Amino acid sequence: MAHRVGYAPGVYDLFHVGHLNILRHARGQCDYLVAGVVSDEMAALAKGHRPVIPLPERLEIVRSVRYVDAAFVETVPDKVETWQQVRFDVIFKGDDWRDTERGKRLERDFAEVGVEVVYFPYTVHTSSTQLRRALDVLVTPQSGAL
């Protein structure tokens, strides 16, 4: 029987239940799960800001999740280049990527090397972006405050 390696990339900043759901679902569809933790620099390029939690801490958090067999620091934007280093059989993404230009490009690129793209439901009620906004409100001085 073939050994199926899965890859679940993400920033994994402000780790929350949505992250846990992706890792849990991913582990259920492969024999060995590698979580790709995006570097601070790559996250800043992709999202426009650096993560709240620094890379070494995000890496340790993700590495400690029981569904994860290994964690890999992702330092390049090209997922196929990452595949050349990690050699996974399936990549897992949130379904917010489905039917988008970047999702279609991901599917095309990975079809050429025989990697399956699997989408999981995006956890709408919890996201790092929402958590970041809430934190910004808490730490930004309000005008008129005493």
Side-chain angles (χ1 to χ4, degrees), residues 1-140:
M1 182 171 168
H3 184 75
R4 185 165 148 109
V5 176
Y7 186 70
V11 177
Y12 298 109
D13 194 22
L14 302 172
F15 196 89
H16 56 76
V17 73
H19 296 133
L20 187 62
N21 287 341
I22 283 180
L23 296 171
R24 178 187 307 117
H25 293 310
R27 187 61 176 87
Q29 294 198 27
C30 62
D31 301 305
Y32 188 86
L33 179 63
V34 178
V37 181
V38 175
S39 72
D40 292 345
E41 297 76 19
M42 286 297 305
L45 282 174
K47 306 253 184 189
H49 54 77
R50 294 177 70 82
V52 173
I53 309 298
L55 177 62
E57 293 178 26
R58 290 184 289 119
L59 197 57
E60 186 60 29
I61 290 165
V62 170
R63 189 180 279 138
S64 298
V65 173
R66 72 178 178 187
Y67 307 111
V68 174
D69 295 298
F72 174 82
V73 177
E74 196 172 294
T75 59
V76 295
D78 183 357
K79 297 285 190 246
V80 174
E81 193 173 328
T82 298
W83 170 80
Q84 290 170 340
Q85 297 172 53
V86 179
R87 294 296 175 159
F88 45 87
D89 304 299
V90 58
I91 186 169
F92 303 102
K93 295 298 291 177
D95 66 3
D96 55 321
W97 277 60
R98 187 191 310 268
D99 296 326
T100 65
E101 197 49 50
R102 64 185 180 172
K104 290 174 185 174
R105 184 173 52 249
L106 191 75
E107 291 170 24
R108 274 192 311 271
D109 292 348
F110 278 123
E112 292 179 16
V113 294
V115 172
E116 180 183 3
V117 178
V118 172
Y119 297 102
F120 290 132
Y122 185 73
T123 306
V124 177
H125 65 278
T126 305
S127 79
S128 297
T129 301
Q130 290 173 331
L131 291 172
R132 180 182 276 277
R133 284 187 193 130
L135 287 173
D136 286 346
V137 167
L138 292 174
V139 298
T140 303

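Since the structure is predicted, the reported quantities are computational estimates derived from the model, not experimental observations.
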Let me see the working for V37 and F72 under side chain to side chain contact (heavy atoms under 4.5 Å, CB included), right down to the final yes or no. CA-CA 6 Å; V37 181; F72 174 82; over 6 Å; no

Any side-chain heavy-atom pair of R63 and V68 under 4.5 Å: no

Would you call E116 and Q29 a side-chain contact if the rule is heavy atoms closer than 4.5 Å? no

Partner set under salt bridge (charged side-chain N to carboxylate O under 4.0 Å, His left out) for D69, not counting sequence neighbours: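 In terms of salt bridge (charged side-chain N to carboxylate O under 4.0 Å, His left out), with neighbours along the sequence ignored, D69 is linked to R27.
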
Among residues at least two apart in sequence or on other chains, which ones pass salt bridge (charged side-chain N to carboxylate O under 4.0 Å, His left out) with E57? none

D95: side-chain contact (heavy atoms from CB on, under 4.5 Å) partners, not counting sequence neighbours: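 For D95 the side-chain contact (heavy atoms from CB on, under 4.5 Å) partners, ignoring immediate neighbours, are R98, Y119, P121, Y122.
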
Under the side-chain contact (heavy atoms from CB on, under 4.5 Å) rule, collect the residues that match up with L20, sequence neighbours excluded.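 Result, side-chain contact (heavy atoms from CB on, under 4.5 Å) vs L20: F15, R24, V65, Y67.
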
With the threshold set at 4.0 Å, does a side-chain nitrogen-carboxylate oxygen contact exist between D40 and R58? yes

When rounded to the nearest 0.5 angstrom, what distance separates [atom1] in [X] from [atom2] in [Y]?
X	Y	atom1	atom2	result
T82	Y7	OG1	OH	5.0 Å
I91	D109	CD1	CG	10.5 Å
R105	W97	CZ	CH2	7.5 Å
M42	L55	CE	CG	12.0 Å
L14	H19	CG	NE2	8.0 Å

[X] versus [Y], closest heavy-atom pair with distance:
X	Y	answer
F92	C30	CE1-SG, 4.3 Å
A70	Y32	CB-OH, 3.4 Å
V38	A43	CG1-N, 3.5 Å
D13	I53	OD1-N, 2.8 Å

Show the numbers, then the answer: is there a salt bridge (Lys or Arg N to Asp or Glu O under 4.0 Å) between E107 and R102? CA-CA 9 Å; E107 291 170 24; R102 64 185 180 172; over 6 Å; no

Pairs touching residues 75-84 that satisfy salt bridge (Lys or Arg N to Asp or Glu O under 4.0 Å), sequence neighbours left out: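 Residue pairs passing salt bridge (Lys or Arg N to Asp or Glu O under 4.0 Å), neighbours aside: E74-K79.
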
Side-chain (D89) to main-chain (V5) donor-acceptor, under 3.5 angstrom: yes

Would you mind listing every ring pair (Phe, Tyr, Trp, His ring centres under 6.0 Å) that reaches into residues 98-118, with sequence neighbours excluded?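 Residue pairs passing ring pair (Phe, Tyr, Trp, His ring centres under 6.0 Å), neighbours aside: F88-F110.
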
Tell me whether R66 at atom CZ has more than 12 heavy atoms from other residues, nucleotides or ligands lying less than 6.0 Å away. no

